[in-house]
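Structure, as structure tokens:
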Amino acid sequence: MIPVRLIATGKAVPSHSVTSESLDRKLGHPPGYILRKSGVLSRFVAAPGESQSQLGAAALRDALKNASLHPFDIDLLICACGVPEQALPNTACFIAEHAGLPPGTQSFDVNASCLSFMAAFRVAASMLAGGAYRRIAIVSSDLASRGVDWREPEASMIFGDGAAAAIVERGDGSAGIRAYKMGTYPEGRRYCEIRGGGTERNPRNGCEPGDYLFRMDGKAVFRLAVKVMPDFLAQ
């Protein structure tokens, strides 16, 4: 077991909420269509002036308050977002600034798509176990509304904007991670993707506006999950 102790969590959401009913009107659907398809009554949507890192910092400050801690009590910040605020530098750098962490506080990103927080939690537990760190903050913050394609109902209706933070310390051996497994199946790499924003599709290599929007083939994801999950769970 890897000893780790979760001492506080925090959250933050944008000030604006959008109902499924209002989206029906905006997108020209019959009343009740989006609620029936998504099961979501409303979702938070960030205003143009709200940034991903500001929201993440608000969640971290909430976690610090809940643990009666201060920014200088954090030794390391790990950002675990599905999508970064920009290509460089890492999003953790911006969150650290907005949260008021002292200059020099270590920060970096861990990106594993939807599983970024779980990957970051495992990394944090290992680093705490090594004794180099006393207290680590993990922040997940995403503004999905900036990248959804409303022409793709399957991928656009279920997402909202928000942030969460967790603060962890080394455990005393009575609690921790008993088991952990993550698997990567590259055959599904095109099933959920945002093609733009990296070195492959950009203004110099050629890109289209749609390359910067999230696209998902939910049926293909399901078929792959059905195929690989039995062996994964057995392992």
Side-chain angles (χ1 to χ4, degrees), residues 4-20 22-23 40-125 127-128 133-148 156 158-169 194 197 212 214:
V4 63
R5 189 164 71 99
L6 177 64
I7 65 171
T9 59
K11 63 182 179 181
V13 294
S15 55
H16 183 53
S17 180
V18 175
T19 65
S20 289
S22 66
L23 284 177
V40 179
L41 284 170
S42 64
R43 69 279 292 146
F44 288 98
V45 175
E50 293 179 293
S51 75
Q52 180 179 351
S53 56
Q54 289 171 337
L55 200 63
L60 177 53
R61 289 194 298 268
D62 187 45
L64 289 169
K65 181 187 71 175
N66 292 334
S68 299
L69 296 173
H70 300 279
F72 56 77
D73 292 316
I74 300 299
D75 303 320
L76 169 66
L77 168 64
I78 302 177
C79 172
C81 303
V83 175
E85 184 163 294
Q86 63 182 56
L88 284 172
N90 58 51
T91 305
C93 174
F94 294 98
I95 293 175
E97 179 185 26
H98 292 310
L101 299 189
T105 303
Q106 285 194 55
S107 62
F108 59 80
D109 289 6
V110 167
N111 182 274
S113 188
C114 297
L115 301 178
S116 294
F117 178 84
M118 295 306 300
F121 187 80
R122 178 64 173 81
V123 168
M127 299 181 82
L128 289 166
Y133 300 92
R134 177 174 51 101
R135 194 173 292 117
I136 296 176
I138 307 167
V139 178
S140 294
S141 177
D142 278 292
L143 301 186
S145 65
R146 304 275 171 90
V148 296
S156 61
I158 60 176
F159 291 110
D161 301 339
I167 300 175
V168 292
E169 294 180 345
I194 299 175
Y212 294 87
F214 176 73

**Request:** Provide the closest heavy-atom pair for Ile95 versus Cys79 in the form atom of the first, atom of the second, distance.
**Result:** CD1-SG, 3.9 Å
**Message:** Taking Asp75 first and then Arg134, would you say they form a salt bridge - that is, a charged N and a carboxylate O separated by under 4.0 Å?
**Reply:** yes
**Request:** Give the intermediate values and the outcome of side-chain contact (heavy atoms from CB on, under 4.5 Å) for residues Gln54 and Phe94.
**Result:** CA-CA 8 Å; Gln54 289 171 337; Phe94 294 98; over 6 Å; no
**Prompt:** From Arg146 CZ over to Ser51 OG, what is the distance, rounded to the nearest 0.5 angstrom?
**Reply:** 8.0 Å
**Message:** Can you tell me which residue among Ile136, Asn66, Ile74 is in a side chain to side chain contact (heavy atoms under 4.5 Å, CB included) with Ile167?
**Reply:** Ile74
**Working for side-chain contact (heavy atoms from CB on, under 4.5 Å), residues Ile78 and Val123** = CA-CA 9 Å; Ile78 302 177; Val123 168; 4.3 Å; yes
**Prompt:** Just how far is it from atom CG of Leu143 to atom CG of Asp161, taken to the nearest 0.5 Å?
**Reply:** 4.5 Å
**Request:** Return the minimal non-hydrogen interatomic distance between Val4 and Ala125, and the atom names on each side.
**Result:** CB-CB, 4.0 Å
**Item:** Asn111 (side chain) donor-acceptor with Ser116 (main chain) under 3.5 angstrom
**Value:** no
**Request:** Mind listing the closest non-hydrogen atom pair of Ala144 and Gly160 along with its distance?
**Result:** CB-O, 3.6 Å
Compile the donor-acceptor pairs under 3.5 Å between side chains in residues 102-109 and protein atoms, sequence neighbours left out, one pair per line.
from	atom 1	to	atom 2	distance (Å)
Thr105	OG1	Pro102	O	2.7
Gln106	OE1	Tyr133	OH	3.1
Gln106	NE2	Tyr133	OH	3.0
Asp109	OD1	Thr91	N	3.4
Asp109	OD1	Ala92	N	2.9
Asp109	OD2	Thr91	N	2.9

**Prompt:** Can you name the nearest heavy-atom pair linking Ala57 to Ala99, along with the distance?
**Reply:** CB-N, 3.6 Å
**Request:** Hey, could you give me the CG/CG distance between Leu60 and Leu101, rounded to the nearest 0.5 Å?
**Result:** 6.0 Å
**Message:** Would the distance check show the side chain of Glu169 and the main-chain N or O of Arg5 forming a donor-acceptor pair, the cut-off being under 3.5 Å?
**Reply:** no
**Message:** I need the Arg61 CZ to His70 NE2 distance, nearest 0.5 Å.
**Reply:** 14.5 Å
**Request:** Using only heavy-atom distances, determine whether the side chains of Ser20 and Arg43 contain a donor-acceptor pair under 3.5 Å.
**Result:** yes
**Request:** I would like to know whether Ile7 and Val168 meet side-chain contact (heavy atoms from CB on, under 4.5 Å); could you show each step before the answer?
**Result:** CA-CA 6 Å; Ile7 65 171; Val168 292; over 6 Å; no
**Prompt:** Where do Ala58 and Ala12 come nearest, in terms of heavy atoms and distance?
**Reply:** CB-CB, 3.7 Å
**Message:** Please report the interatomic distance CD1(Ile138) to CG(Leu77), rounded to the nearest 0.5 Å.
**Reply:** 9.5 Å
**Complete:** Heavy atoms of Pro14 and Leu55 approach each other most closely as N-CD1, 3.9 Å
**Asked** Does Ser140 reach the main-chain N or O of Ala80 with its side chain, forming a donor-acceptor pair under 3.5 Å?
**Response** yes
**Request:** Measure from the side-chain N and O atoms of Gln52 to the backbone N and O of Ser141, and report whether any donor-acceptor pair falls under 3.5 Å.
**Result:** yes
**Prompt:** OG/Ser53 to CD/Glu97 distance, rounded to the nearest 0.5 angstrom?
**Reply:** 8.0 Å
